[in-house]
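Throughout, a chain's letter reflects where its sequence line sits, starting with A, and its residues are numbered from 1. All values below come from the heavy atoms of this structure, side chains included, with hydrogens, waters and symmetry mates left out.
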Amino acid sequence: MLSAARAPGESLPRRETLRRGSDYQRCYRSGARRQGALVTLHFLPNEEGCPRLGITASRKVGDAVARHRLKRWTRECFRRSPRRAALPAFDLVVHFKPGARAAAFAEFRAELDRLLAGLPRGGSR
RNA sequence: CGGAGGGCCCGAAGCGGUCGCUCCCCGGCAUCGUGCCGGGGAGAGGAAAGUCCGGACUCCAACGGGCGGCAUGCUCGCCAACGGCGAGGCGCGGCGACGCGACGGAAAGUGCAACAGAGAGCAGACCGCCGGGACCCUCGCGGGUUCCGGUAAGGGUGAAACGGUGCGGUAAGAGCGCACCGCCCGGGCGGCGACGACCCGGGGCACGGCAAACCCCAUGCGGAGCAAGACCAAAUAGGGGAGCGUGACGCGGGCGGCCCGUCCCGCUCCGCCGGGAAGUCCGGCGGCGCGCUCCCGGGUAGGUUGCUGGAGGCCGGCGGCAACGCCGGCUCGAGAGGAAUGACCGCAACCGGCUUCGGCCGGCACAGAAUCCGGCUUACCGGGCCCUCCGACCC
RNA sequence: GCCCCCGUCGUCUAGCCCGGUCCAGGACAUCGCCCUUUCAAGGCGGUAACACGGGUUCGAAUCCCGUCGGGGGUA
């Protein structure tokens, strides 16, 4: 079951995203966080057997186009990241900072990759 | 050729790759719901924006109406409706094509107008002009000072000063009188109408501005919003109902050193009926409390639905100046839900800069559906089509 | 999605309803001068703003319309 869910491809189905307000609240309340220049990363071990991704963007980041572009970049980077298969089963929340509006894609991907690499190894058992 | 005015349309846009997301259809596998694999199809805009108006739809309220409040404001028409649109009238701007206009009412009422100025509303005498009285100067003509009166033609102030020009008239003046122009009122004429100003009659002119000041008049408006609303419905707590069991061979405390206990004290369901001599005994009915089981309804999380085929597009014909309407045919173009429509690469266009002309570098707007429509407003790289006006030159 | 409020010197504000007296007043800050051996305090003087664009009016910070920005409420 676990190996079936962890398909080795670059797919990111809806099942592996955070989709509940309570999921986000749990992540903020009980999880740890890492700060980057463009982004804040919240994370918390989950029981799903695979990492799940959530994204938040407040209106301070920019207009709808800017916010949505950053969301798509985040999904793209997470989906194609080479270290994704090695990630522990965490719920992750990526929250943009206002400075992210002016970032270029390569710059953004480098930062996100660095933050993901800094996650602890353990995860849930 | 140059400049200008108006209208309409397109708008990450062309091709090829790699990896992905959402929905639908087909096939296969497993399956209680559903999930996985393969194939195919579809997947942001002219403004999706601002949320400034108007509707559809849904719920709430309601017998009907008024007051208040808000909005609109030349006329006629179009429209489901509108504060929108189309024609027309009037005013203003422009040589012109054309553009702009909150454009009802100031002879209903109440108000406002700083400063300047004599005076700011049915006004006003500062200078000036004219007449008269008194006093002074002068031989006299005349002049000066002052008082009373007349006068709105002139000066001056102001954003604005109570028709204009000319002639008569007068002490000087004045619509005081006359002519022309303007204005007002009534009637006729043209127009559905706003209005026009051709005609007739009357009036010497009374009617300044501001209603995006209060206000008056006319017309319109019940409230909320798809997170509306509908259906299914966990866990926990609570509500209602049914059935069964239970409410004394019990519990607590004291004493006898402790245990035990035939000792003492307290608590112990209620009502009615029947049996027994009687009781804390037995049986029945009703109520109350507790326990267990089952059922019912409300409702939260969550799920499903509303959810996209509609005042819909395209083509043609007819009516209308037009907005638009009618008829016929064809066609279906996103439906997410912490929210998909993406990222990267290689060529080719276009624009800008550099260029030792081979190329190199950079850019490619405004902006992202959230129930759906009709408008308005605002933002915007670049491009296409049509009509019209003015100027110059040529024929 | 719906609704409401607010934009005035560098900062906090008054004036707005009911237009003129406003080239917009006050406080703190800042600059110059005086006072003091010096600093502070004090005194005198100066610089400095009506978010933006239209409109109404003789005249707009004020009234009206539209943009832009900020804040808040609600499901």
Should B:C231 form a Watson-Crick or G-U wobble pair with both distances under 3.5 Å, which nucleotide is its partner?
-> B:G303
Provide the Watson-Crick or G-U wobble partner of B:U356, both distances under 3.5 Å; none if there is no partner.
-> none
Output all residues satisfying side-chain hydrogen bond (donor to acceptor under 3.5 Å, both in side chains) with A:Arg67, sequence neighbours left out; order by chain, then residue number.
-> none
Which whole number of Å gives the distance between the C1' atom of B:G297 and that of B:G240?
-> 8 Å
Taking atom P of B:G338 as reference, at what distance in whole Å does atom NE2 of A:His42 sit?
-> 19 Å
Where does B:A44 land, syn or anti, once you apply the within-90°-of-0 test for syn?
-> syn
Is there a Watson-Crick or G-U wobble partner for B:A340 with both distances under 3.5 Å, and which nucleotide is it?
-> none
side-chain hydrogen bond (donor to acceptor under 3.5 Å, both in side chains) with A:Ser30: which residues, sequence neighbours excluded?
-> none
What is the base-pairing partner of B:G208, counting Watson-Crick and G-U wobble geometry with both distances under 3.5 Å?
-> none
Heteroatom pairs (N/O) under 3.5 angstrom, protein to nucleotides 341-347 of chain B:
residue : atom : partner : partner atom : Å
B:U341  : OP2  : A:Arg75 : NH2          : 3.4
B:G342  : N2   : A:Glu76 : OE1          : 3.4
B:G342  : N2   : A:Arg79 : NH2          : 3.1

Watson-Crick or G-U wobble partner of B:G65, both distances under 3.5 Å | none
Watson-Crick/G-U partner (both atom distances under 3.5 Å) of B:A4 = B:U388
Would you please test A:Leu70 and A:Val39 for side chain to side chain contact (heavy atoms under 4.5 Å, CB included) and show each step?
-> CA-CA 10 Å; A:Leu70 287 170; A:Val39 126; over 6 Å; no
Given atom CG of A:Leu53 and atom P of B:G20, what is their separation to the nearest angstrom?
-> 17 Å
Pairs touching residues 68-77 of chain A that satisfy salt bridge (charged side-chain N to carboxylate O under 4.0 Å, His left out), sequence neighbours left out = A:Glu76-A:Arg79, A:Glu76-A:Arg80
By nearest-heavy-atom nucleotide on RNA chain B, the more 5' of A:Lys71 and A:Ala66 is A:Lys71
Integer angstrom distance from the P of C:C63 to that of B:G154 | 43 Å
Taking B:G338, B:G368, B:A339 as options, the one with an atom nearest any side-chain atom of A:Thr56 is B:G338
In terms of ring plane angle, is the pair A:Phe96 and A:Phe108 parallel, tilted or perpendicular, where the classes change at 30° and 60°?
-> tilted
Find the partner of B:G86: check Watson-Crick (N1-N3 plus N6-O4 or O6-N4) and G-U wobble (N1-O2, O6-N3) distances, both under 3.5 Å, and reply none if neither fits.
-> B:C76
Sugar-phosphate means primed atoms, P, OP1 and OP2; the rest is base. With that split, encode nucleotides 67-75 of chain C 5' to 3' as B, S or - using protein heavy atoms under 4.0 Å.
-> ---------
For B:G202, glycosidic torsion class - syn if within 90° of 0, otherwise anti | anti
For A:Arg67 and B:A49, give me the distance from atom CZ to atom P, rounded to whole Å.
-> 13 Å
Euclidean distance, atom CG of residue A:Asp63 to atom P of B:A48 [Å, nearest integer] = 17 Å
Minimum side-chain heavy-atom gap A:Leu116-A:Leu92 below 4.5 Å | yes
Would you mind reporting whether A:Gln35 and A:Thr40 have side-chain heavy atoms less than 4.5 Å apart?
-> yes
Would you classify B:G191 as syn or anti? Syn applies when the glycosidic angle is within 90° of 0.
-> anti
Distance from A:Phe78 atom CZ to A:Thr17 atom OG1, nearest 0.5 Å?
-> 10.0 Å
Rounded P spacing from B:G238 to B:A230 in Å | 29 Å
In whole Å, what separates the C1' atom of B:U305 from that of B:A227?
-> 15 Å
With syn defined as a glycosidic angle within 90 degrees of 0 and anti as anything else, the base of C:G32 is anti
Can you sort out the partners of A:Thr74 under side-chain hydrogen bond (donor to acceptor under 3.5 Å, both in side chains), two or more places apart, ordered by chain and number?
-> none
Looking only at atom C1', what distance separates B:C366 and C:G10, rounded to whole Å?
-> 35 Å
Determine the interatomic distance between C1' on B:G287 and the same-named atom on B:G298; round to the nearest Å.
-> 29 Å
Expressed in whole Å, how much space separates the C1' atoms belonging to B:C210 and B:G55?
-> 39 Å
Mind telling me whether B:G333 is syn or anti, cutoff 90° either side of 0?
-> syn
Rounded distance in Å between the P positions of B:A343 and B:A365 | 13 Å
Could you tell me how the ring of A:His42 sits relative to the ring of A:Tyr28: parallel (under 30°), tilted (30 to 60°) or perpendicular (over 60°)?
-> perpendicular
Partner nucleotide of B:G119 by Watson-Crick or wobble geometry (both distances under 3.5 Å) = none
Could you tell me whether A:Arg114 atom CZ has more than 12 heavy atoms of other residues or ligands within 6.0 Å of it?
-> yes
